[in-house]
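What follows is one structure encoded as structure tokens, with my remarks underneath.
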2 protein chains.
Amino acid sequence: MASSIHDLARHLNISIGTVSRALNGRADVNADTRQRVLDAAKKLNYSPNQSGRSLRRGATHSIAFMLQPHPGDQEYGEPFFIPFLTGLQAKLAESGLDLIVVMGAPGDYQQERLRRVVETRRADAVVLAWTRREDERIDYLTQAGFPFATLGRSRSGGDSYPSLDLDFEKAGADAVDRLVARGHRRIAAIRPSLDLNFGYLFLAGYRKALRRHGIEFDPELIADGFINEAGGYAVTPKVMRSKDPPTAIIFNNDAMALGGCKALAEAGIRPGHDVAVIVIVDTPLCRYFSPALTGFRPALEPMGERLAEMLLASIPAYAGAEGARIIREVWPLELIARDSD
Amino acid sequence: MASSIHDLARHLNISIGTVSRALNGRADVNADTRQRVLDAAKKLNYSPNQSGRSLRRGATHSIAFMLQPHPGDQEYGEPFFIPFLTGLQAKLAESGLDLIVVMGAPGDYQQERLRRVVETRRADAVVLAWTRREDERIDYLTQAGFPFATLGRSRSGGDSYPSLDLDFEKAGADAVDRLVARGHRRIAAIRPSLDLNFGYLFLAGYRKALRRHGIEFDPELIADGFINEAGGYAVTPKVMRSKDPPTAIIFNNDAMALGGCKALAEAGIRPGHDVAVIVIVDTPLCRYFSPALTGFRPALEPMGERLAEMLLASIPAYAGAEGARIIREVWPLELIARDSD
DNA sequence: TGTTTTTCCGTAAACGTTTACGAGAACACA
DNA sequence: TGTGTTCTCGTAAACGTTTACGGAAAAACA
């Protein structure tokens, strides 16, 4: 079934060395024999065995993205990643690299799977998401000297790796500014319950903006929940029970906002009318919800492309002539004003 | 950095053959030396090189799931697959197999990437989703003799491969039955625009039930759109423009329903009040929408687990003592009655 | 013609495993 | 003591590549 380089050599009556050189486009092979090899390869449906190639080259030519059901989100996952992965894949493919997505089991936060990928040398580098404030995965990878890049920042690992993040701090502040400008003073914030870094950044921006406007920070207006509909649903009533209830709520993302709006509706509070709603990370869902939710839209596919470039630039073997370098970027979030605030 | 079996052998002053046998739990190695090897492996942080192992064994011990942004759905993807993949991963891990998710570029419907996986022998088997009525991927894989299983049925390839599907036909009929019982006679159906097999099954059940109730099929009440919010939004007005507009709409899935409800709301039609809504494939989103959408919930994680079992059972090398066999199953969809109908 | 350079290709080793084969040592049994 | 069996391990080949090395033939040059 599978034809090897030996089959080609036998078929053409030349040595396997020549076949390999012809296939790899090396200079020291006659143009005529190269063509014959190429033709034979097509005819015999040859394609190189990945294991053999990786073994010899010491590189797999593939990059791993660690995907896992988020804790507290066992049931359904984030559609967030698909466009990001599309961009990542496209850019990596340009360099002849494959993207593989490694599924982790829910719960272990990928440590086990990550070790497996690294130790069995299944990929040349990995891409991490859901970065935490202090991230043990980053510590592990830096300590192991394994190349990686992150979608999101972390305090772990210093500046030793490429990272691409969104400016959640500014988005949090912008959301507050916008709401204050519209007359709100009691503004709640619904965050992810885990120590995910963007939850911190979002809140930091929120607090900074409040201070700027001379509004006192009220812990009663902050609540943490799982990053999904159930989380928003469970947690929103808490902030509404405040002695002086909020007139506006900033949700971390669309799913939490959806759950939160459901809770509001059940309490007879109309989102967009009785209470303003803004979401930080918006997806197309926000646009089609009623009321359409004002939010900050990330450019996910370009981010995937960019992170691929940044990752490759950081790896000596893949970096071009100018040599390896670490790039870290923070991208703006674009406000899309709709009907909910 | 990476320690090999040779390092272990040198360290323990024994041969690499013995080390390998000890590591692989073969019988012909002294219990004492095995223990020493195991200890040394832990101490030197040894783990087998995947490429070397695959090359020698002729198997990668990993299964590939082909994931790709759905055509017309470039922007955001289906959260649908995450719980399925979780189940798949968990079950495969029990057999020591890795699950890798191969990202395809949008558009090429995976043919290119699939070939790549198969021809470079990157995985021992693949799992396909989004099965079409006639599916060239299935034709390719059967013709290539490559092991695979599908989430969803197809007319391609006969019964030669394991498949697990949901009973969309029955769900379509059940939806009609339920709506008719509630007094509806003008029932619209919003389908995916592509020739995805479940779109056909859903419509087949719909038509069968209509016939059973003596309701004439009206093509004006059928519309096809992309499987996302934009698709539902774009297409729902079409059926509402019918001379005799529907009093109920069955949507293929939650995202389409969301878009559709938006379109209805903009036209001053209240979903759940003025027009009944049912969705075929429901996710948690349905529960938190207002009105909460009645829908049919698939058991995605168990399906993932089951398909892993079925795939393994079909591959001689992985099937147990009873030998390889092809299993095909169709699972029921459970109706979750909520507020929208 | 003789020397040097260039072009092209074959040989063989190496990457890290697994495993068939065989052999030495220990043991059992007569 | 001789024969047979069982344990345990080393040797070496193999999986499919890539590539350093060297050499033969052809080309270029003096």
Side-chain angles (χ1 to χ4, degrees), chain A residues 1-38 40-41 44-62 96 98 116 118-124 317, chain B residues 1-38 40-41 44-62 96 98 116 118-124 317:
Chain A
M1 178 67 244
S3 64
S4 79
I5 217 170
H6 291 92
D7 300 327
L8 288 191
R10 204 172 323 119
H11 183 255
L12 293 169
N13 217 29
I14 58 179
S15 79
I16 60 164
T18 305
V19 173
S20 176
R21 279 189 297 265
L23 257 18
N24 289 332
R26 304 196 88 80
D28 57 347
V29 43
N30 185 284
D32 176 57
T33 56
R34 156 166 301 129
Q35 195 48 243
R36 284 171 45 227
V37 169
L38 259 28
L44 297 192
N45 194 26
Y46 168 81
S47 72
N49 179 299
Q50 196 60 31
S51 302
R53 171 172 280 184
S54 303
L55 180 57
R56 170 61 221 223
R57 286 194 181 158
T60 63
H61 284 257
S62 59
D98 282 331
R116 209 177 149 77
V118 170
E119 289 174 357
T120 62
R121 273 132 274 167
R122 226 170 220 294
D124 297 346
Chain B
M1 174 68 241
S3 64
S4 78
I5 218 169
H6 291 93
D7 300 327
L8 288 190
R10 201 169 329 116
H11 183 256
L12 293 170
N13 217 25
I14 59 180
S15 79
I16 60 164
T18 305
V19 173
S20 176
R21 279 190 297 266
L23 256 19
N24 289 332
R26 304 196 88 81
D28 56 349
V29 43
N30 184 285
D32 177 54
T33 57
R34 156 166 299 125
Q35 196 47 243
R36 283 172 48 228
V37 169
L38 259 29
L44 298 192
N45 194 26
Y46 168 81
S47 72
N49 179 299
Q50 196 61 29
S51 303
R53 170 173 280 184
S54 303
L55 181 58
R56 170 62 220 222
R57 285 193 181 159
T60 64
H61 284 258
S62 60
D98 282 331
R116 209 177 148 78
V118 169
E119 289 174 358
T120 61
R121 273 133 273 166
R122 229 173 217 295
D124 296 347

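A, B, ... follow the sequence lines: proteins, then strands. Residue 1 opens every chain.
A:Arg21 has no side-chain polar atom (N or O) that falls below the 4.0 Å cut-off from OP1 or OP2 of D:dT18. Between A:Ser20 and D:dT18 there is a side-chain N or O to OP1 or OP2 distance below 4.0 Å. Remark: B:Ser15 is in phosphate contact with D:dG10, judged by side-chain N or O atoms under 4.0 Å from OP1 or OP2. One finds a side-chain N or O of A:Thr33 lying less than 4.0 angstrom from the OP1 or OP2 phosphate oxygen of C:dC9. For D:dT8, the OP1/OP2 oxygens have a side-chain nitrogen or oxygen of B:Asn30 closer than 4.0 Å.
One atom, CZ of A:Arg122, and another, P of C:dG16, lie 17 Å apart when rounded to the nearest Å. Across the protein-nucleic acid pair, B:Leu55 atom CG and D:dA13 atom P stand 17 Å apart, rounded to whole Å. Note: CD1 (B:Ile5) to C1' (D:dC15) measures 15 Å, nearest angstrom. With rounding to whole Å, B:Ile16 atom CD1 is found 21 Å from D:dT8 atom P. Atom CZ in A:Arg57 sits about 17 Å away from atom C1' in C:dG16, given to the nearest Å. Straight-line distance from the CG atom of A:Asn24 to the P atom of D:dG16: 17 Å, rounded to whole Å. Summarising the geometry, the separation between CG on B:Asp28 and C1' on D:dG10 is reported as 12 Å, rounded to the nearest angstrom. Spacing between atom CG of A:Leu23 and atom P of C:dC9 amounts to 14 Å, rounded to whole angstrom units.
Residue contacts shown for B:Ile14 are limited to sugar-phosphate atoms, with no base heavy atom under 4.0 Å away. Using a 4.0 Å heavy-atom cutoff across all strands shown, A:Gly17 reaches at least one base atom of the nucleic acid. Counting non-hydrogen atoms under 4.0 angstrom, A:Asn49 reaches the backbone sugars and phosphates but no base.
For the residue pair B:Asn49 and A:Arg121, the shortest heavy atom distance occurs at ND2-NH1, 4.2 Å. The two atoms that bring A:Ala40 and A:His11 nearest to each other are CB-ND1, 4.1 Å, heavy atoms only.
Contact annotation: the side chain of A:Leu8 approaches that of A:Leu23 to within less than 4.5 Å [non-hydrogen atoms, C-beta and beyond]. With a 4.5 Å cut-off on side-chain heavy atoms, B:Ser62 and B:Arg122 do not count as touching. In this structure, A:Asp98 and B:Arg116 have side chains that are in contact, with non-hydrogen atoms separated by less than 4.5 Å.
Toward the 5′ end of DNA chain D lies the nearest nucleotide of B:Arg34, the other residue of the pair B:Gly52 and B:Arg34 mapping further downstream.
Counting distance only, with no hydrogens placed and no angle test, the side-chain atoms of B:Arg56 and the base atoms of C:dT18 include a donor-acceptor pair under 3.5 Å. Side-chain N/O atoms of B:Arg121 and base N/O atoms of D:dG16 include no donor-acceptor pair closer than 3.5 Å.
Here the side chain of A:His6 is nearest to one of C:dG16, D:dG16, C:dC9, namely D:dG16.
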